[in-house]
Amino acid sequence: MAAQPLWIFGLYNAAGSLLADLSIASNRQVSVALNTPTSVTFQVPLSHQTAALITPLSTYVKGYRQATDGTRSLKFYGPVWVDEISTGQGVDMLQVTALDPMCYLDKRYTTSSFTSVDRGQIIKKIGR
């Protein structure tokens, strides 16, 4: 059986600069569903310095898949939408949820109709 590709996550600012490697994150989950934004959730110990860097809508998560030959490809990039504190097992954790750019289409109300299938173009038009 072939080895499965690994997920590697990082926390970035709006300019695209790496703020922190998220290897400390636990309970990482990637959720991909049809017609909904892809989401990434994970937990970081509240006492860890990375927790202080996470700010909703100001920090971004990038997720790379690393193949067995070491090549990486970007598979997720989106803003942190929710961070909330969860307690359990004696350690307070910061529960983080990041959504891909489709979340802007999901959260924006409009009466416009679009025939374009390119979501990037739709987001640019709605954002004006």
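Residue indices begin at 1 and follow the sequence shown. Bear in mind the structure is a predicted one, so any value in this text is a computation, not a measurement.
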Closest non-hydrogen atoms of His48 and Ile24, given as atom of the first, atom of the second and distance, are CD2-CG1, 3.8 Å
Contacts of Tyr77 meeting ring pair (Phe, Tyr, Trp, His ring centres under 6.0 Å) (sequence neighbours excluded), chain-then-number -> Tyr60
side-chain contact (heavy atoms from CB on, under 4.5 Å) filter on Thr71, not counting sequence neighbours, yields Ala67, Asp69
All heavy atoms of Leu11 vs all of Val80, minimum pair found to be CD1-CG2, 4.4 Å
Distance col, row Ile54:CD1 vs Thr59:OG1, nearest 0.5 angstrom, shows 6.5 Å
In short, ring-ring contact (aromatic ring centres under 6.0 Å, His included) pairs touching residues 9-37 with sequence neighbours left out are Trp7-Phe9
Correct closest heavy-atom pair for Ala98 and Gly78 would be CB-O, 4.1 Å
CG of Leu22 to CD1 of Ile8, rounded to nearest 0.5 Å, is 11.5 Å
d(Thr97 OG1, Gln29 CD) to nearest 0.5 Å is 9.5 Å
For Leu46, the side-chain contact (heavy atoms from CB on, under 4.5 Å) test, sequence neighbours excluded, returns Ala51, Ile85, Asp92, Leu94
Across all chains, not counting sequence neighbours, the side-chain contact (heavy atoms from CB on, under 4.5 Å) partners of Glu84 are Val82, Gln95
Residue set satisfying side-chain contact (heavy atoms from CB on, under 4.5 Å) with Ser26, at least two apart, ordered chain then number -> Gln43, Met93
Tightest non-hydrogen contact, residues Leu18 and Gly10, listed as CD1-CA, 4.2 Å
Note: Arg28 and Ala25 closest approach over all heavy atoms is NE-O, 3.9 Å
Subject >> Side chains of Thr41 and Ser31 in contact at under 4.5 Å (non-hydrogen atoms) >> reply: no
Only one of Leu99, Val30, Val61, Val32 passes side chain to side chain contact (heavy atoms under 4.5 Å, CB included) with Phe76, and that residue is Val61
